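None of the values given here were measured: they were computed from a predicted structure.
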Amino acid sequence: MKAVMIEKPGKVYLTDAPIPEPGPGFVRIKVKAAAVCATDLEVLSGGIPANYPLIPGHEWSGIVDKAGSEEDQHWVGKHVIGSNDVVCLKCDACRSGNWRYCKEFEEIGFRRNGAYAEYAIMPAYGLYEIQDSLAWEQAALCEPLGVALGTFEKVNAKFAETCLIIGAGSIGLCMLAVAKAMGMRRIVVAASSEGRLQIAKEMGAYATIATKNCDLEAEMKKLHPQGTDVIIECTGIEICNQQALRIAKKGGRVALAGYGRGKNMNIRIDDVHINNLHVIGAGNNWNMHKKAAMLMEEGIVDLSPLVTNTMPIENFAQALDMAAKRPQGFVKAIFRL
């Protein structure tokens, strides 16, 4: 089968790999769509620990081609998305639904081969059958949409609260889609440049701010004079984290949803202490893929604006280059197999 292989950090190529066989509790997926994520670039650079050589890819959709256990045979032929979490299902964390706290946790696309291939192995217990009306490309985005759903759940967002989203990449735009679906108001999306803010406007943002052209804190005082109820920081950049803490209203909530790439960062503790802020870590958003798919199937969330480039897997180098350079209007490159 055709597959994109990262042999070691910095070395990636298209290869002809053996078609994998599913073991007990797993199924083989005939991949129909696989999206490029910024964390895939981190795997390529060595910025995220991975088991090399590795086939990356954790945003996917496809058809169940083969089951490794008799009890999972009913999945064969079904159109699915699914969890990337490989866990024991027996420990206290797993039984409570907190799969990513499992001591045996491994993630597809990082510790195990992923979906940049014609076939991939996935855990049967994490599958969700999708409706034929949901396009393969949008179905592949259930994973980043699930990140947004988990973040808003953690931050306890409520109807009619104000919201600022810092970052207009795929995660930031998924946050916008969820905030709109939840009935939040005066939703502002900020990014360093206008590159993706037009898409945020098309998706219904109340206002957008290009921070290279103006002062974010000054603009937010105009848009949310009383401060902002909920701030979702999606960039993982130090100054953005600092600004989020200063913009939040007294007693407000700040979700840190951006990957910091292992860097140490400075914050002013008094911004949290004096203003009684609730600062929430918003990584590891598990078990949200089913909700994500249902929201798209029912038309409550539309992520079609994020699908800016589709291409065959042979064009993987172009896709990775676009994801790294983020040209004007680019959000997601998706392999269509």
Side-chain angles (χ1 to χ4, degrees), residues 38 147-148 151-152 154-155 157-158 160-180 182 184-261 263-283 305-306 324-331:
V147 170
T151 298
F152 278 101
K154 286 182 174 69
V155 82
K158 298 180 177 66
E161 287 189 314
T162 56
C163 181
L164 165 63
I165 298 162
I166 303 176
S170 58
I171 295 296
L173 294 174
C174 284
M175 297 291 180
L176 170 60
V178 172
K180 289 286 292 181
M182 291 182 66
M184 302 189 80
R185 66 184 182 88
R186 294 188 173 232
I187 305 165
V188 181
V189 179
S192 60
S193 67
E194 293 282 355
R196 296 170 176 175
L197 291 179
Q198 183 58 40
I199 296 175
K201 294 175 185 176
E202 294 170 2
M203 292 177 66
Y206 171 76
T208 60
I209 300 172
T211 57
K212 281 186 177 178
N213 304 330
C214 61
D215 181 79
L216 174 61
E217 293 174 59
E219 291 301 309
M220 288 305 299
K221 286 180 181 177
K222 301 174 189 175
L223 294 166
H224 296 168
Q226 305 304 315
T228 306
D229 292 308
V230 175
I231 300 179
I232 312 295
E233 202 299 302
C234 301
T235 71
I237 296 172
E238 183 177 48
I239 190 172
C240 295
N241 286 301
Q242 294 167 344
Q243 289 175 322
L245 298 179
R246 292 194 293 266
I247 293 169
K249 70 186 299 183
K250 289 182 181 296
R253 286 99 74 208
V254 177
L256 303 180
Y259 176 55
R261 297 170 179 81
K263 297 178 181 177
N264 292 321
M265 300 184 190
N266 294 310
I267 63 169
R268 185 172 177 267
I269 292 298
D270 284 350
D271 289 333
V272 179
H273 170 71
I274 293 173
N275 293 314
N276 292 326
L277 298 187
H278 299 256
V279 182
I280 298 103
L306 276 64
K325 295 179 179 177
R326 297 182 292 181
Q328 181 78 17
F330 171 84
V331 180

message: Whether the side chain of E238 engages the backbone of N241 through a donor-acceptor N/O pair (distance < 3.5 Å, no angle test) should be reported.
response: no
message: I'd like to know whether V254 forms a side chain to side chain contact (heavy atoms under 4.5 Å, CB included) with H278, so could you lay out the CA-CA distance, the side-chain angles of the two residues, the decisive distance to 0.1 Å, and finally the verdict.
response: CA-CA 6 Å; V254 177; H278 299 256; over 6 Å; no
query: Quick check: are there more than 12 heavy atoms from other residues, nucleotides or ligands sitting under 6.0 Å from CZ of R326?
result: no
message: Between T235 (side chain only) and I237 (backbone N and O only), is there a donor and an acceptor less than 3.5 Å apart?
response: yes
query: Any side-chain heavy atom of V279 sitting closer than 4.5 Å to one from L245?
result: yes
query: Is it true that atom CD of Q226 has more than 12 heavy atoms of other residues, nucleotides or ligands lying nearer than 6.0 Å?
result: no
field: Test applied, side chain to side chain contact (heavy atoms under 4.5 Å, CB included); reference residue, I231; option that passes from I165, L164, L277
entry: L164
- prompt: Yes or no on side chain to side chain contact (heavy atoms under 4.5 Å, CB included) for F152 and M182, after CA distance, side-chain angles and deciding distance?
  reply: CA-CA 9 Å; F152 278 101; M182 291 182 66; 3.8 Å; yes
query: Are the side chains of C234 and M175 in touch, meaning some heavy atoms are under 4.5 Å apart?
result: yes
Close side-chain approach of N275 and D270, heavy atoms under 4.5 Å: no
- request: For the pair Q242 (side chain) and N266 (backbone), establish whether a donor and an acceptor sit closer than 3.5 Å, ignoring hydrogens and angles.
  value: yes
V189/L197 under side chain to side chain contact (heavy atoms under 4.5 Å, CB included): CA gap, chis, key distance, verdict: CA-CA 7 Å; V189 179; L197 291 179; 4.0 Å; yes
message: Quick check: do L306 and M203 have side-chain heavy atoms less than 4.5 Å from each other?
response: yes
query: Would you call Q243 and E217 a side-chain contact if the rule is heavy atoms closer than 4.5 Å?
result: yes
- request: Taking only Lys NZ, Arg NE, NH1 and NH2, and the carboxylate oxygens of Asp or Glu, determine whether R253 and E161 approach each other closer than 4.0 Å.
  value: yes
- request: For atom NZ of K221, decide whether the heavy atoms of other residues, nucleotides or ligands shown that lie under 6.0 angstrom number more than 12.
  value: no
message: How about CD1 on I239, more than 12 heavy atoms from neighbouring residues, nucleotides or ligands closer than 6.0 Å, or not?
response: no
- prompt: If we only count heavy atoms from C-beta on, is the K154 to T151 side-chain gap below 4.5 Å?
  reply: no
Validation row: T211, N213 side chains within 4.5 angstrom (heavy atoms): no
field: Side chain to side chain, I209 and C214, heavy atoms closer than 4.5 Å
entry: yes
task: Kindly indicate, with the supporting measurements, whether the criterion side chain to side chain contact (heavy atoms under 4.5 Å, CB included) is fulfilled by L216 and I247.
output: CA-CA 9 Å; L216 174 61; I247 293 169; 3.8 Å; yes
- line: Partner of T162 under side chain to side chain contact (heavy atoms under 4.5 Å, CB included), picked from K249, M184, M220, H224, is H224
